[in-house]
Protein chains: 2
Amino acid sequence: MAKGRVVNDIRTLRFLAGEMTQAELGEKIGLTRQTVAAIEQGKYSPSLEAAFRIAQIFGKPLEEVFRWEE
Amino acid sequence: MAKGRVVNDIRTLRFLAGEMTQAELGEKIGLTRQTVAAIEQGKYSPSLEAAFRIAQIFGKPLEEVFRWEE
DNA sequence: ACGTGATGTTATGTATATATAACATTGAGT
DNA sequence: ACTCAATGTTATATATACATAACATCACGT
């Protein structure tokens, strides 16, 4: 799997969701706070399952949370 | 990561795309035919990158190709 | 009947996502 | 100044996605 990367708006969405913490988000979807932090910072991109769950928490379609940049 | 699974319409989309073969799809996105087959059959769900690429090939938004079933 | 392309499948290895634990830093409140 | 919650970060381990190679089956055309 080559070129292109996934970016996300998790930080902003947490902020808009009343300062939801990384740990809180992690609890809701079954990920640790360290994993949430890494995903949020783009150190690696989440599994499709994790991406769906995160989007669901914020009540947004997946493609409004994660975007593919060529 | 627990409950719920990802389902997809790849088989149908390949058919609609003029009988595109698993190997052809694999070439276009940089996956092997075996991996395409496994994803298509739901043996495991793709990475977010792979999901974005596959959706892009079929000219569909990701959520029309992959769905989250609780 | 034969050959061939598409798919299924399985085994083994590598890369990457995620968990866990530990420690550091930063910022807000008191 | 002190505490404490939130976040950053790093090391090590496990789970899962993906590659590669090999072999089997199944349909289709000839």
Side-chain angles (χ1 to χ4, degrees):
Chain A
M1 289 290 314
K3 290 263 67 169
R5 60 199 201 109
V6 174
V7 296
N8 71 79
D9 285 344
I10 298 178
R11 185 151 206 150
T12 304
L13 290 168
R14 279 198 301 113
F15 189 84
L16 295 179
E19 301 278 7
M20 180 189 300
T21 189
Q22 291 178 341
E24 282 169 355
L25 177 55
E27 284 167 25
K28 289 177 195 273
I29 62 188
L31 293 179
T32 63
R33 70 168 190 86
Q34 292 93 327
T35 298
V36 170
I39 291 171
E40 185 170 308
Q41 296 169 189
K43 293 197 176 179
Y44 46 72
S45 54
S47 67
L48 191 51
E49 282 91 343
F52 270 119
R53 285 173 174 278
I54 292 170
Q56 186 178 271
I57 293 299
F58 294 120
K60 298 258 182 187
L62 191 152
E63 295 193 323
E64 278 184 34
V65 181
F66 299 93
R67 290 184 306 282
W68 178 250
E69 297 199 344
E70 209 63 44
Chain B
M1 290 289 314
K3 292 263 64 169
R5 59 197 200 110
V6 175
V7 295
N8 71 79
D9 285 344
I10 297 178
R11 185 152 205 150
T12 303
L13 290 167
R14 280 198 300 114
F15 189 83
L16 295 178
E19 301 277 7
M20 181 190 299
T21 188
Q22 291 179 341
E24 282 170 356
L25 178 55
E27 283 167 26
K28 288 177 195 277
I29 62 188
L31 294 179
T32 63
R33 68 167 191 89
Q34 291 94 327
T35 298
V36 170
I39 292 170
E40 186 170 306
Q41 296 168 191
K43 293 197 174 177
Y44 46 73
S45 55
S47 68
L48 191 51
E49 282 91 342
F52 270 119
R53 285 172 173 279
I54 291 170
Q56 186 177 271
I57 292 299
F58 293 121
K60 298 257 181 188
L62 191 151
E63 295 192 325
E64 278 184 35
V65 181
F66 300 93
R67 290 183 305 283
W68 178 250
E69 296 199 344
E70 209 63 44

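Below, chains carry the letters A, B, ... as their sequence lines are ordered, and counting in each starts from 1.
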Take atom CD of B:Glu19 and atom P of C:dG5, then tell me their distance rounded to the nearest Å. 16 Å
Five pairs at each end of the helix from C:dA1-D:dT30 to C:dT30-D:dA1: take the axis at both ends and give me the angle between them to 10°. 40°
Tell me whether the OP1 or OP2 atom of D:dT20 has a side-chain N or O from B:Thr32 closer than 4.0 Å. no
Can you tell me which nucleotide in D:dT7, C:dT7, D:dA17 comes closest to the side chain of A:Thr21? D:dT7
Quick check: do B:Phe58 and B:Thr12 have side-chain heavy atoms less than 4.5 Å from each other? no
In whole angstrom, give the distance that lies between atom CD of A:Glu49 and atom P of C:dA19. 12 Å
Could you pull out the closest heavy-atom pair between B:Ser45 and B:Val6, with the gap in Å? CB-CB, 4.1 Å
Does D:dC18 have OP1 or OP2 sitting under 4.0 Å from an N or O in the side chain of B:Ser47? yes
Letter by letter from the 5' end, nucleotides 21-30 of chain D scores (B base, S sugar-phosphate only, - none; protein heavy atoms under 4.0 Å) BB--------
Atom pair distance, as rounded to whole Å: CD in A:Glu27 and C1' in D:dT7: 15 Å
Flag the pair A:Gln22 / A:Ile10 as yes when at least one side-chain heavy-atom distance between them is below 4.5 Å, and no otherwise. no
Protein-nucleotides 12-16 of chain D N/O pairs closer than 3.5 Å?
none

B:Thr35 side chain N/O closer than 4.0 Å to the phosphate oxygens (OP1, OP2) of D:dA19? yes
Which atom names give the shortest non-hydrogen contact between B:Phe66 and A:Phe52, and what distance separates them? O-CZ, 3.4 Å
Value in whole Å for how far the C1' atom of D:dC18 lies from CG of A:Leu48: 15 Å
Nearest heavy-atom contact between A:Pro46 and B:Leu48 is O-CB, 3.5 Å
So, does A:Ser47 use its side chain to make a donor-acceptor pair with the main chain of A:Ala50 at under 3.5 Å? yes
The correct set of residues in residues 6-18 of chain A placing a heavy atom under 4.0 Å from DNA chain D is A:Arg11, A:Arg14
The reported gap from CZ in A:Arg67 to CG in A:Asp9 (rounded to nearest 0.5 angstrom) is 4.5 Å
For atom CD of B:Gln22 and atom P of C:dT9, their distance in whole Å: 11 Å
Can you list everything that forms a side-chain hydrogen bond (donor to acceptor under 3.5 Å, both in side chains) with A:Arg11? Sequence neighbours excluded, please. none
Would you name the heavy atoms of B:Ile39 and B:Asn8 that are closest together and state the gap between them? O-ND2, 3.1 Å
Expressed in angstrom and rounded to an integer, what is the separation of A:Glu40 atom CD from D:dT7 atom P? 7 Å
Donor-acceptor pairs under 3.5 angstrom involving side-chain atoms of residues 26-38 of chain A: please list them, not counting sequence neighbours.
from	atom 1	to	atom 2	distance (Å)
A:Thr32	OG1	A:Thr35	N	3.2
A:Thr32	OG1	A:Thr35	OG1	3.0

Please report the distance, rounded to the nearest Å, between CD in B:Gln41 and C1' in C:dA6. 13 Å
Sort and list the pairs that fulfil side chain to side chain donor-acceptor pair (under 3.5 Å) and have at least one residue in residues 57-66 of chain B, not counting sequence neighbours. none
Please state how far atom CE in A:Met20 lies from atom P in D:dA6, giving the value in whole angstrom units. 13 Å
Which residue pairs satisfy the salt bridge (charged side-chain N to carboxylate O under 4.0 Å, His left out) criterion with at least one member in residues 12-22 of chain B, sequence neighbours excluded? B:Arg14-B:Glu40
Where the side chain of A:Leu31 is defined as all heavy atoms beyond and including C-beta, which of C:dA19, D:dG8, D:dT9 is the nearest nucleotide? C:dA19
